[in-house]
Number of protein chains: 2
Amino acid sequence: MPTGADAARPTMRDVAALAGVALKTVSRVMNGVPSVDPVLAARVRAAAAELAYRPNLAANLRSGRTNTVGLLLEDIGNPFSAATLRAIEDELEAAGILLLAASLDEQPSREEELTRRLIDRRVDGLIVVPASRDQRYLVAEQLRGTCVVFLDRLPQPLVADAVVSDNRVGARRGVEHLVRHGRRRIAYLGDDPAIPTAAERFRGYVDALAGQGLPVDPALVRHGLRSVQEAHRAAADLLAGPDGVGVDALFTSQNLVTIGAVGALHAAGRHREVAQVGFDDIPFAEALEPGVTVVAQDTRMLGRTAAERLLARIHGDRSAPQVFSVPSRLLVRGSGELPVSTTP
Amino acid sequence: MPTGADAARPTMRDVAALAGVALKTVSRVMNGVPSVDPVLAARVRAAAAELAYRPNLAANLRSGRTNTVGLLLEDIGNPFSAATLRAIEDELEAAGILLLAASLDEQPSREEELTRRLIDRRVDGLIVVPASRDQRYLVAEQLRGTCVVFLDRLPQPLVADAVVSDNRVGARRGVEHLVRHGRRRIAYLGDDPAIPTAAERFRGYVDALAGQGLPVDPALVRHGLRSVQEAHRAAADLLAGPDGVGVDALFTSQNLVTIGAVGALHAAGRHREVAQVGFDDIPFAEALEPGVTVVAQDTRMLGRTAAERLLARIHGDRSAPQVFSVPSRLLVRGSGELPVSTTP
DNA sequence: CTGAAAGCGCTTACAG
DNA sequence: CTGAAAGCGCTTACAG
C-alpha cells in the first residue's frame, strides 16, 4: 500500500472510464467542443467533477505552444525592473500567458545561459533586457521561430524587435532644463558607459552642453557607478572638490545613481544649493525636499509595447523587425529648479 | 516549400538518425550517462552540434516534475513583493528551478484562479501570499501532493507551511519605541483590517498602548487605507484635526501608508514635530529628513525561508506543517526619535 | 456525433 | 554497452 498521502492524479483516461465514453469525448468536453451530445457531455462533466479532474496543460506536446513567455530582467528586485515586469504581466494576462522571470544582474554569461534554459522549455517567446553586447547566439533560434523582443537596450549585431526609451533625447532635455535654470557647472554621474543606455545618456548630456556652448569638463564626469554607495561617494567627492571645480548641478543618469547622489547632497547639506536632475524615476521622489526632478522612463509603456510586439510575433507577424522608441517625460519637482544663489 | 523562415527544430530522433544510433543512446549521452561507448558518444555529440539540437525540457511527461515553481504575490510592482520575489529566485536558482510569477492585487478570485492555472501546468510547488481568507480549495490538491508554502499571511482553515513576519510583536516594538521617546497621542494608520497582517499589526499597536497604560483613542485610528493617496489624505486629516486631538506621533502599518503619511507630514511642515514609525521598510527612507524609522520586514529571510521550505517539501519532506516567524528589525533613522517640543 | 489509431519528444523498464 | 518497446497525458487526423 502507498505510504505517501498522494492520491493519484486522475487523467482524461480515468474520466473516460468513469463516464463510459472514449477519451476523445472527454477531450472534446473539456475543450468546449459544441458538437458533443448533451447527455454524454453531462456524464463526462459529472465524472470529471467526481474525480476532481484537472487537465494537464503541460501534456500538450503537439501544439508546440506553452502559453509561457520568458522574461529576463536586470534585477527583479529593482524598481525599474519590477515596474516593467508588472506592465508586461498585465498585457499578457488577457492572452492567458504566464511569465517565467529571472534576473541577469548584468552578467553576460547568465543572459545566454538563461535564454537557453527558457528556450529549452519552449517558451512561446522571450522579452530580454540584454546584459551582454552580443546576441548572435540567438540567430539559430530566431530561424527556428523563437520570438524575441529586446527591452530597454538594443540587441547588438542581431536584427530583432526592440523597445527602448529615448535615452539620448531625454538626457539632453534633462540637462537643458538645468541650463535653463541658470546652471553652468553641471556634473555627469552615470553607470558603466559599456552599457549602451548609459552611453546614450552621456551623449545626451554632451549634446545639451554643446548645444548651449558649454564645455564638457572631464573633472565633472564620473562614469562606472554601479551602486547607490558608489554614486554617493562620487557625488560627495565632487561636492567636496576644490573651489575651482565649483559644481552647481548634478545630472545623474540612472535610478541607483540618483538615489546615491540625493543622499550625498543631503549629507553635505547642499541639497538647496546644488541642483539635480536624474534619469529614471525613483520611489519617493516627491516626498523629498526638494522633490527630485527626473526624466522618467515610461515603464508601463515600455512593458506594454514589448508585450504587444511579442504577442504579434507569436501570432505570426513576420514583418521586418523594428525599434520602438518610447518617449521619456520630464517630471519637475524642485531639485532641478532651485534658485541660483547670488552670493559673490 | 515552406513559406516561413522556420527551420524545423531537430529532435532526439533526428540526432539519432544522423549519428546512426538508437534514440535511447542519444538520450543517454544528453543526460551524461557514463556507460556509453566514447566513440558513439562523440558521434552523438557531433550530430547534436551539427543540428544545433536542444532538448525539449517540456517533453518529459513521465518525470512528473517541471522544475518550475509558481509564485503568487500581491503586486510584483510593489517593492515588498519585488524584494521577496528576488530572494526566492536566488534561493531556487541553485536547484535549477524557474519561477512562474503573477500578481493577485488582493483579489480573492484571482488567487484561486491563478492557483488552478499553475497547478494545471504542474508546477512542482507554489508559494502564495494569499489574497483570500479561505484556502480550502487547495485541500484536494494537497492530498495529491502539490506542495504549497504560504508567505506573509497565514492560510485560513488550511493546514500548511507558512512563513510570516512577527507582525504583532514588531508593531508593538515600533509603538513602544515612540512611547519611549515621549510620545503619548500616537495615531494608527493602516490597511484594511480584514487583511490578517494588518489586523496583527493593529493588535501590536493596541498591545503597546495597553502595556504602557495609555488609552486607545478611536479618533486616532484610521483603518482601510489602500493607497499612498488615501494614506496621505488620512494623515493630513489627522494632522489638521482640532487641537484637542493633538496627535504627536504616527504609527503607519504598511509601506504605502508610510509613504503617504511622510508626504502629508512634509506637506504640513510638521515632519520635525510629529514623530513617525512605519511598518515595512520603504525605499529611500534614509535620504529623507528626518530619516524614517521603521520596523523592517526581513524580505530576504522571508523569501529564503519560504523557498527552502518548499524545496524540502518537493524533495519529499512529509513532516507536520509549521509556521515560521521571521523577526522584524527596528531601524532607527530619526523620525521616531524627534525631541518632544516643550512648548506650553 | 463518436471513437480507435497514431503521434508530440522524451523517459522508464526491459531485453539482448 | 545498446536498443526496441511501451508509456507519460494529451491532441491531431481519420474512420465510422
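Within every chain, numbering begins at 1; the chains are lettered A, B, ... in the order of the sequence lines, protein sequences first and strands thereafter.
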Heavy-atom protein contacts under 4.0 Å, nucleotides 6-12 of chain C, coded B base, S sugar-phosphate only, - none: BBBBSBB

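- Stem regions annotated for DNA chain C: C:1-3 with D:14-16, C:5-12 with D:5-12, C:14-16 with D:1-3, counting only runs of 3 or more consecutive pairs of Watson-Crick or G-U type with both contacts under 3.5 Å.
- Under the side-chain hydrogen bond (donor to acceptor under 3.5 Å, both in side chains) criterion, Gln107(A) pairs with no residue at all, not counting sequence neighbours.
- Under the rule for a side chain to side chain contact (heavy atoms under 4.5 Å, CB included), the partners of Thr305(B) that lie at least two apart in sequence or sit in another chain are Val163(B), Met301(B), Phe324(B), Val326(B).
- Every residue two or more places apart in sequence or in another chain that forms a side-chain hydrogen bond (donor to acceptor under 3.5 Å, both in side chains) with Ser132(A) is listed here: Glu111(A), Gln135(A).
- Residue pairs meeting the salt bridge (Lys or Arg N to Asp or Glu O under 4.0 Å) criterion with at least one partner in residues 35-61 of chain A, sequence neighbours excluded, are Arg54(A)-Asp120(B).
- For Arg117(A), the side-chain hydrogen bond (donor to acceptor under 3.5 Å, both in side chains) criterion is met by no residue, not counting sequence neighbours.
- When atom types are taken as modelled, the side chain of Ser103(B) and the backbone of Ile76(B) share a donor-acceptor pair closer than 3.5 angstrom.
- Applying the salt bridge (Lys or Arg N to Asp or Glu O under 4.0 Å) definition to pairs two or more places apart or across chains, those involving residues 127-137 of chain B are Asp134(B)-Arg136(B).
- Listed by first and then second residue, the salt bridge (Lys or Arg N to Asp or Glu O under 4.0 Å) pairs that reach into residues 302-314 of chain A are Glu91(A)-Arg304(A), Asp161(A)-Arg309(A), Asp161(A)-Arg313(A), Arg304(A)-Glu308(A), Arg309(A)-Asp317(A), Arg313(A)-Asp317(A), sequence neighbours excluded.
- Taking a 4.0 Å limit (strictly below) on heavy-atom distances, residues 32-41 of chain A reaches DNA chain C at Ser35(A), Val36(A), Asp37(A), Leu40(A).
- The salt bridge (charged side-chain N to carboxylate O under 4.0 Å, His left out) test applied to Arg28(B) returns no partner, not counting sequence neighbours.
- Checking the phosphate oxygens (OP1, OP2) of dG3(C), a side-chain nitrogen or oxygen of Thr25(A) falls inside 4.0 Å.
- Remark: Asp298(A) pairs with no residue by the side-chain hydrogen bond (donor to acceptor under 3.5 Å, both in side chains) rule, at least two apart or across chains.
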